[in-house]
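Structure first, then comments.
Computed from a predicted model, the values in this text were never measured in an experiment. All ligand and atom numbering here is 1-based and tracks the order in the structure.
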Amino acid sequence: MNDLIKKLVEAYGPSGFEDHIRDLIHPEIESFADEISVDAMGNLIARKKGDGSGLKVMVAAHMDEIGVMVTHITEEGFCRFTNIGGVYAHTLLGSRVQFGDGRVGIIYSDRITDRSKVHGLDKHYIDVGATSRKECPVQVGDAAGFKREFVSSGKMLIAKSMDDRIGCVVAIEALKRLKKTPHDIYIVFSVQEEVGTRGAQAAANHIDPDVGIALDVTTTGDIPEAIPMAVSLGKGAAIKVKDAGMIAHHGLVQLMKKRAEAAKIPYQLEVLTGGSTDARSIQIANAGAAAGCISIPCRYVHSQSESVHADDVENAIKLLVELLAKPITV
Ligand code: CO
Ligand code: ZN
């Protein structure tokens, strides 16, 4: 599975530019889905048909990652940029970014006179090695993602885009392992989550599911001076109860707990004080759906070293398979 993880987490795919990720996922799911489609926004949708006795279930994992977009280029050939999603200035100095054509740039900022402060994004730039605006190979509107190698260190898996390629891996693996299901399942590899769960919103309006399950990362409370939170790396898949954008469907939360306990899958309960996921969009689409989220605990979310635990990934896959293989009553 680490080969698949490496392939997906190292690839380029900022929000709105997910084509390449979609091309990587498509062959992975081809022989396991009954139908595959791509909608107008670019969501990749794999349908697995059930025996007709179950519900319509939408599973969502987002393909996009945070990144940057060039806003203007200085006379000297340096690219000023804006954020795509939650990119924070204190994570940036010396970073390498990669554009869609593979070109690499370095992020740095204007001179810092007070080292206790970081500049805002507007005082950062990307150096692509150009010496003038005229000969700059990058254009206004070009998007870049971070460039970092995948590292597997013991059970810790580290990458620039665990959020949410690891969710995509969980969805792919669950689809591969799911032999029979009562449900009509739509696995959506969604676009533009990091800019406001936009892809999942369009997909949920179209699919109109009874039940929605997002797969995404969540932060942990187990690092120095973290916001207190009862989620730790390596202690199990996290069942979301609440985040800043949604309260998970109570019945679905109870079912997830029940299934995890019955199958002896370690789990943790997640109350996240910030952030949200595609589950929010599914929950409030059309007349609403019973929505929840299986989260993969992750340290350093939205940095270039997002870190998850291999056991948590495995347990998230197992829990999803348990849910999809059996009847759902919520
Ligand atoms: Co994110
Ligand atoms: Zn995410």
Side-chain angles (χ1 to χ4, degrees), residues 5 8-9 11-18 21-22 25 41-44 58-69 83-92 95 97 143-146 148 157-172 187-201 203-204 212-220 226-227 229 231 233 237-240 242-246 248 270 272-283 291-309 312-313 316 320:
I5 295 174
L8 293 187
V9 296
Y12 167 89
S15 309
F17 301 85
E18 299 89 352
I21 308 298
R22 192 168 56 235
I25 293 175
M41 281 190 79
N43 293 303
L44 173 65
M58 172 171 162
V59 175
H62 66 91
M63 295 189 286
D64 62 312
E65 65 186 309
I66 57 170
V68 296
M69 182 180 278
N83 59 303
I84 298 176
V87 173
Y88 307 110
H90 59 269
T91 64
L92 291 184
S95 296
V97 290
F146 293 100
R148 274 288 174 110
L157 309 175
I158 310 158
K160 50 110 176 147
S161 61
M162 281 301 171
D163 178 9
D164 185 32
R165 306 280 159 71
I166 200 65
C168 296
V169 169
V170 169
I172 293 165
I187 297 183
V188 178
F189 298 91
S190 64
V191 297
Q192 300 192 33
E193 190 273 352
E194 296 291 355
V195 289
T197 64
R198 295 173 191 169
Q201 188 176 337
I213 300 168
L215 308 168
D216 212 329
V217 299
T218 189
T219 55
T220 64
I227 297 168
M229 186 177 179
V231 173
L233 215 63
I239 297 173
K240 189 185 293 291
K242 181 188 184 297
D243 62 28
M246 81 173 302
E270 173 202 354
L272 179 67
T273 54
S276 202
T277 71
D278 280 343
R280 172 191 162 82
S281 276
I282 304 171
Q283 183 174 51
C293 177
I294 299 174
S295 299
I296 300 99
C298 182
R299 290 181 182 170
Y300 322 121
V301 174
H302 287 203
S303 80
Q304 293 153 55
S305 297
E306 297 176 329
S307 305
V308 300
H309 193 289
D312 294 338
V313 176
L320 182 60

Taking every non-hydrogen atom, the tightest pair across Met246 and Ser276: N-OG, 4.1 Å
Side chains of Ile166 and Val9 in contact at under 4.5 Å (non-hydrogen atoms): no
Under 3.5 Å side-chain donor-acceptor pair for His302 and Asp163: yes
Is any N, O or S atom of Glu194 under 2.8 Å away from the Zn ion (ligand 2)? no
For the atoms OD1 of Asp216 and NE2 of His62, give the angle they form at the Zn ion (ligand 2), rounded to 10 degrees. 110°
Per residue His302, nearest N, O or S atom to the Co ion (ligand 1) is named NE2
Any donor-acceptor pair under 3.5 Å linking the side-chain atoms of Asp64 with those of Ser15? yes
Looking at the Co ion (ligand 1), which N/O/S atom of Asp163 is the nearest one? OD2
State whether Arg299 and Glu306 are salt-bridged, where the test is any N-O pair (Lys NZ or Arg NE/NH1/NH2 against Asp/Glu carboxylate O) under 4.0 Å. no
Is the distance between the Zn ion (ligand 2) and the nearest N/O/S atom of Asp163 smaller than 2.8 Å? yes
State the atom name: nearest N, O or S atom of Glu194 to the Co ion (ligand 1). OE2
